[in-house]
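Numbering of residues begins at 1 and proceeds along the displayed sequence. What you see is a predicted model, and the numbers here were worked out from it, not measured in a lab.
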Amino acid sequence: MNKILHKDYINPGKVFENVYFVGIRSASTHIIDTTDGLILIDPGYPETLWIVLDNIKELGFNPMDIRIILMSHGHIDHAGAAKELARLTGAKTYIGKEDYQMAIGKEMSSYARSSQERERIAFSPDTLLSDRDIVSLGNTNVLCLETPGHTKGTLSFFFDIIKNGKVYRAGMHGGVGTNTLTKSFLEKYNHPFENRKIFLQSLEYASTQNVDIFLGNHVENNNTEEKLMRVANGDEFAFYAPHEWHEFLNRIKNKLNTLVKEENSMENTLSLVLKEKMIIIVRGVEREKLIPFAKAVYNGGARIIECTFDPTGAASDDEIAENIKLLAEHFGDKMLIGAGTVLTEKQVELTKKAGGKFIISPDTNPQVITKTKKEKLVSIPGALTPSEAIAAHNAGADFVKLFPIGRMGSGYIKDVKAPLSHIKFLAVGGVNAENIAEYLKNGASGVGIGSDIANKKLIAENKFEEIENTTRKYIEAIKSV
């Protein structure tokens, strides 16, 4: 295959003075010309090593001059090609000591996509690096700082570059991906949640360094591709940006804090649905009536409201989003507000922007579920059959809404739960104050209640006291279970 046709191909080029980019879009690789051979930082994926080698040649260097293979951490996109590159060139391999188990293929977490692949690319490092170790070759001394969090052994690299008699400091953080710090990842690989605190501390540690030439561990870290083009067009100082380093570290710190905040919000939403067990479905209620209606159901004991999108188009998606925003801002932490009849990814985005916390759909749409989870919202797609319920759960749903359940009866919940006890079901459609207890007794984690509480006639006549009393009747039925 022509490398230029490869989906991840980027033109290789000079970064600054004796530093060059020779990697691909999804796996950064740099070389340093030390006058006594090459230091290569992160060889990348095993399947794209041929592109890296060809890029090195294209820039006028000989891959056989690579003396040191320095790895920021042990994930496959950074260290996967180390074994083969060392075999081809005789270069020595260096990696953080805490990623040794990953390097030799013993640690599972995200290093390779299968056990066979781990075995194929596992290597025994020549040198295990510790904090503040210095790797030297020719005119270059690379300071290695331990900056764990993304992996236990992540290293960040710093070295001086001399250009026209002036010293510039180059730096690269070895791993800022928060994907290994999500709740699901930490639980899957039995990693401690303490890793999040460790990661924040490592960002602070890295910030003790001042950096003039910021190198991206991934191209998006420092807009590598755009800057390489600027260099190619004559701007030899395109990568010179003394302010970027600290701005980048602060951005990553905020990213992790936002991740934790959103995951906590999701956990709170899940807990509240399980605790309260009833979602009030609001459809077609005029905006000026929303607040008094919501106050009525709140006074009646309800704590969760779903504003439905309108598939007929009578009310636009933007209008429904404004309703969600109105309720979310007015009730703050008092009530949980989300969206219903969500059929598109755009509606998910609108809900998130409006302050909604959950997404409910009448169907199982994997794209909507994926988008919901990406936006860190609770996913509640609709299903009726066991096959649909399993598909929804496997796509990432937090709850599955059995809809319409009325014609099936409360016993249907029990029947479906028997083989699918790992799925949390909500019963919607045909549930009322008289049978709600039966649905809950038969295994429903909660219910959705529409027109019996969101009664349009009572709302139009401003009979909110009656709505409050009806809500209280449901709450008493729930408490009786």
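A salt bridge is absent between Arg287 and Glu319; no separation between the charged side-chain nitrogens and carboxylate oxygens falls under 4.0 Å. A salt bridge links Glu146 to Lys97: one of the charged nitrogens lies within less than 4.0 Å of a carboxylate oxygen. Ion pairing between Glu476 and Arg472 fails under the 4.0 Å rule for side-chain N and carboxylate O. Under the 4.0 Å criterion applied to side-chain N and carboxylate O atoms, Glu438 and Lys414 are not assigned as salt-bridge partners. Under the 4.0 Å criterion applied to side-chain N and carboxylate O atoms, Lys295 and Glu468 are not assigned as salt-bridge partners.
Remark: Asp318 pairs with Ser316, Leu350 by the side chain to side chain contact (heavy atoms under 4.5 Å, CB included) rule, at least two apart or across chains. Taking the side chain to side chain contact (heavy atoms under 4.5 Å, CB included) definition, one finds that Asn455 meets it with Lys457, Leu458, sequence neighbours left out. Judged as a side chain to side chain contact (heavy atoms under 4.5 Å, CB included), and not counting sequence neighbours, the contacts of Glu262 are Thr258, Lys352, Lys376.
Applying the 6.0 Å contact sphere to OH of Tyr100 captures no more than 12 heavy atoms from other residues, nucleotides or ligands. Other residues, nucleotides and ligands place more than 12 heavy atoms under 6.0 Å from the NZ atom of Lys227. For Lys253, the NZ atom is loosely surrounded, since the number of other residues' heavy atoms within 6.0 Å does not exceed 12. Annotation: Lys371, atom NZ; neighbour count of heavy atoms from other residues, nucleotides and ligands within 6.0 Å is above 12.
Relative orientation of the His78 and His73 rings is tilted, given thresholds of 30° and 60° on the angle between their planes. Between Phe199 and His173, the ring planes are perpendicular. Angles over 60° get that label, and only those under 30° would be called parallel.
Taking CG of Leu272 as the start and CZ of Arg303 as the end, the distance is 9.0 Å to the nearest 0.5 Å. Expressed to the nearest 0.5 Å, how far CZ of Phe214 lies from CG of Asn221 amounts to 5.0 Å. Atom CG of Leu155 is separated from atom OG of Ser202 by 11.0 Å, given to the nearest 0.5 angstrom. Rounding to the nearest 0.5 Å places NZ of Lys275 at 10.0 Å from CD1 of Ile304. Between the CE atom of Met335 and the CG atom of Leu327 there is a distance of 8.0 Å, given to the nearest 0.5 Å. Once rounded to the nearest 0.5 Å, the distance linking CD of Glu288 with CZ of Phe293 reads 14.5 Å.
For the residue pair Tyr474 and Asp452, a side-chain donor N or O sits within less than 3.5 Å of a side-chain acceptor on the partner. When only modelled atom types and interatomic distance are considered, His150 and Thr180 share a side-chain donor-acceptor pair under 3.5 Å. The closest side-chain donor-acceptor pair between Asp131 and Tyr205 falls under 3.5 angstrom. There is a side-chain donor-acceptor pair under 3.5 Å between Ser72 and Asn217. Residues His75 and Asp99 bring no donor and acceptor atom of their side chains to less than 3.5 Å of each other.
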Start with the C-alpha distance between Phe464 and Asn299, add both sets of side-chain angles, then the distance that settles side chain to side chain contact (heavy atoms under 4.5 Å, CB included), and finish with yes or no.
-> CA-CA 10 Å; Phe464 296 111; Asn299 292 335; over 6 Å; no

Could you walk me through whether Asn462 and Lys289 pass the side chain to side chain donor-acceptor pair (under 3.5 Å) check?
-> CA-CA 8 Å; Asn462 295 318; Lys289 303 283 188 178; 2.5 Å; yes

Output, in order, the C-alpha distance, side-chain angles, deciding distance and verdict of side chain to side chain donor-acceptor pair (under 3.5 Å) for Asp398 and Ser379.
-> CA-CA 5 Å; Asp398 298 292; Ser379 172; 5.1 Å; no

Under the side chain to side chain contact (heavy atoms under 4.5 Å, CB included) rule, what do Val231 and Phe239 come out as? Steps first, then yes or no, please.
-> CA-CA 8 Å; Val231 174; Phe239 283 85; 3.9 Å; yes

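Within the 3.5 Å criterion, the main-chain N or O of Asp363 finds no donor-acceptor partner in the side chain of Ser361. Between the side chain of Tyr45 and the backbone N or O of Asp77 there is no donor-acceptor pair closer than 3.5 Å.
Taking the six-membered ring for Trp, Phe16 and Phe237 have ring centres closer than 6.0 Å. Less than 6.0 angstrom separates the ring centroid of Tyr240 from the ring centroid of Tyr168.
Contact of the Leu384 side chain with the Tyr412 side chain is registered, since non-hydrogen atoms from C-beta on lie closer than 4.5 Å.
Counting all heavy atoms, side chain and backbone alike, Pro46 lies closest to Ile121 at CG-CG2, 3.9 Å. The two atoms that bring Val400 and Ala397 nearest to each other are CG2-CB, 4.4 Å, heavy atoms only. Scanning both residues, Ala27 and Gly44, for their nearest heavy atoms gives CB-CA, 4.2 Å. Here the closest non-hydrogen pair linking Tyr439 and Val447 is CB-CG1, 4.5 Å.
The side-chain tip of Lys188 does not point at the ring of Phe185 from less than 6.0 angstrom away and within 45° of straight on.
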